[in-house]
Amino acid sequence: MPELPEVETVRRTLEQLIVGKTVDGIEVLYSPLIKRPLDDPETFRETLRSETIQAIKRRGKFLIFETDRLSLVSHLRMEGRYALKTKDDLPDKHTHVIFRFTDGTALHYRDVRKFGTFHLFSRGEEMQSAPLLPLGPEPLDPGFTLDAFIRMLRGKTTKLKPLLLDQHFLAGLGNIYVDEALFRACLHPERPANTLTRKQKTALYESIVETLQKAVDSGGSSVRSYLNGKGEMGMFQLQIQVYGRQGESCPNCHSPIRKKKVGGRGTHYCPKCQPQPRRRSGSAVRKSM
DNA sequence: ACACACCCCTGGAAGC
DNA sequence: TGCTTCCAGGGGTGTG
């Protein structure tokens, strides 16, 4: 399940592999992935023909392939992957889109779950429309400061886990890194966001930024079959402390790590290091600022 | 503002 | 062994 660090790793890999290449033709083998233009894979294919890839950017978990005239926005969702092949390589049963280039190479998009999406825009238009427009700030941008984060939290009564997963609140975190960031900040996933002390908000901010940055530096996490565009594994899974480790002992206190559903998502945490929020007592809520 | 159910889809696990 | 059923998971949408 690619999250920000994995998508950033794919971006960097594809940047090396396909920038400067010119599209010779596109094959759409499973057209429901093409969300814009909707129900019109023919226009999708025709519009992209002869375009040259100028840059590959990222916004949250979205990749953006830029040409002179167009922006192609790609989301990998659970299992989307890119691989550069030659023109003679045959697609396997899970390859749904093929970008053929004039130099005889071909970029295969493979996605077992068929959850991935493609949105095609005129260049520049993509930032003014869904799915990119409603995204929250980029956690690794210099503009995402502690003060900004504290302002964002103001008035939020949602539990931390669903809040941090909400891409409209903050772009790029997914299930793995939310669990890791909450663990590192010693915060329970069901803690209402507006009950954090200033110190806890700071700890959460720092753990989000540090966890994501370290994961980017490690080339992402290879859990559940994630590979970058060159078929290489990331290494951050070696630093994962709670995700997928239910029943194992907490690296801090050796209590067994627990798994429960929070906001409909499998959530991993240490019950001792991340204590359960106290139930609403009915008494005055302590000030959080 | 927030919570939750449902849908998309398939492979792997669990149950029988 | 082989069949059926259940379930995860990002994000959009719809309902309460």
Side-chain angles (χ1 to χ4, degrees), chain A residues 1-8 10 28-39 41 58-64 73-81 91-97 109-119 126 129-136 138-139 151-181 189-196 212 215 220-227 237 240 242-247 258-268 277 279-280 285 288:
Chain A
M1 56 201 83
E3 306 179 25
L4 186 154
E6 292 74 35
V7 177
E8 176 61 19
V10 172
V28 178
L29 305 172
Y30 183 77
S31 60
L33 302 188
I34 315 295
K35 304 298 184 186
R36 191 179 196 274
L38 195 59
D39 298 326
R58 181 189 58 75
R59 178 78 173 91
K61 303 179 200 171
F62 290 88
L63 291 165
I64 308 165
V73 177
S74 161
H75 197 299
L76 306 172
R77 291 287 180 93
M78 309 300 297
E79 309 203 14
R81 285 197 217 174
D92 77 0
K93 63 180 288 203
H94 300 301
T95 298
H96 307 308
V97 182
Y109 176 76
R110 188 174 177 276
D111 186 346
V112 171
R113 290 282 188 278
K114 297 179 174 173
F115 271 16
T117 59
F118 292 89
H119 292 78
E126 75 280 4
S129 350
L132 299 186
L133 180 65
L135 292 179
E138 279 294 319
R151 278 196 299 276
M152 287 159 60
L153 286 172
R154 203 165 288 162
K156 296 284 182 190
T157 58
T158 323
K159 295 168 180 175
L160 288 173
K161 170 92 184 203
L163 181 66
L164 295 176
L165 282 177
D166 181 357
Q167 303 299 297
H168 306 321
F169 177 74
L170 186 63
L173 287 170
N175 215 25
I176 298 174
Y177 295 106
V178 168
D179 284 3
E180 292 302 304
E190 293 179 293
R191 184 77 179 268
N194 63 348
T195 64
L196 270 57
L212 288 175
S221 303
S222 286
V223 302
R224 282 188 189 243
S225 80
Y226 156 82
L227 301 170
Q237 67 276 14
I240 283 177
V242 289
Y243 183 84
R245 295 190 179 277
Q246 58 274 24
R258 204 169 290 173
K259 179 175 183 182
K260 74 180 288 193
K261 283 227 180 207
V262 179
R265 288 285 183 270
T267 299
H268 313 74
R279 289 203 163 276
R280 297 186 303 124
V285 180
S288 58

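Below, chain A is the first sequence line, B the second, and so on; all start at residue 1. What you see is a predicted model; the values in this text were computed from it and never measured.
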Hey, does [X] reach any base, or is it just sugar-phosphate, or nothing, if we go heavy atoms under 4.0 Å?
X: A:K35; answer: nothing
X: A:T117; answer: nothing
X: A:G263; answer: nothing
X: A:G155; answer: sugar-phosphate

- Message: Distance alone, cut at 3.5 Å: any donor-acceptor contact between the side chains of A:T267 and A:K161?
- Response: yes

- Message: Checking A:H268 against A:D179: is there a side-chain donor and acceptor pair closer than 3.5 Å?
- Response: yes

- Segment of DNA chain B, first to last nucleotide, that comes within the 4.0 Å heavy-atom reach of chain A: B:dC2 to B:dG11

- Hey, does the side chain of A:E190 reach the backbone of A:L160 with a donor-acceptor pair shorter than 3.5 angstrom? no

- Query: Would you say the side-chain atoms of A:E126 pair up with the backbone N or O of A:V73, donor to acceptor, closer than 3.5 Å?
  - Reply: no

- In terms of heavy-atom contacts, A:P131 and A:P134 come closest through O-CD, 3.4 Å

- Starting at the 5' end of nucleotides 10-16 of chain C, put B wherever the base has a protein heavy atom under 4.0 Å, S where only the sugar-phosphate does, and a dash everywhere else. BBS----

- Figure out the OH/C1' separation between A:Y177 and C:dG9, and round it to whole Å. 16 Å

- Among all residues two or more places apart in sequence or in another chain, which pass the side chain to side chain donor-acceptor pair (under 3.5 Å) test with A:K61? none

- Note on the structure: Contacts of A:R265 meeting side chain to side chain donor-acceptor pair (under 3.5 Å) (sequence neighbours excluded), chain-then-number -> none

- Query: Checking salt bridge (Lys or Arg N to Asp or Glu O under 4.0 Å) for the pair A:E138/A:R59: CA distance, chi angles, key distance, verdict?
  - Reply: CA-CA 7 Å; A:E138 279 294 319; A:R59 178 78 173 91; 2.9 Å; yes

- Under a 3.5 Å cut-off on both pairing distances, which runs of 3 or more consecutive Watson-Crick or G-U pairs involve DNA chain B? B:2-16 with C:2-16

- Can you name the salt bridge (charged side-chain N to carboxylate O under 4.0 Å, His left out) partners of A:K259, sequence neighbours left out? none

- Message: Check this for me, if you would: do A:D92 and A:R110 make a salt bridge, where the nitrogen-to-carboxylate-oxygen distance has to be below 4.0 angstrom?
- Response: yes

- May I ask you to check if A:K156 and A:F169 form a cation-pi contact, with NZ or CZ under 6.0 angstrom from the six-membered ring centre and within 45° of the axis? no

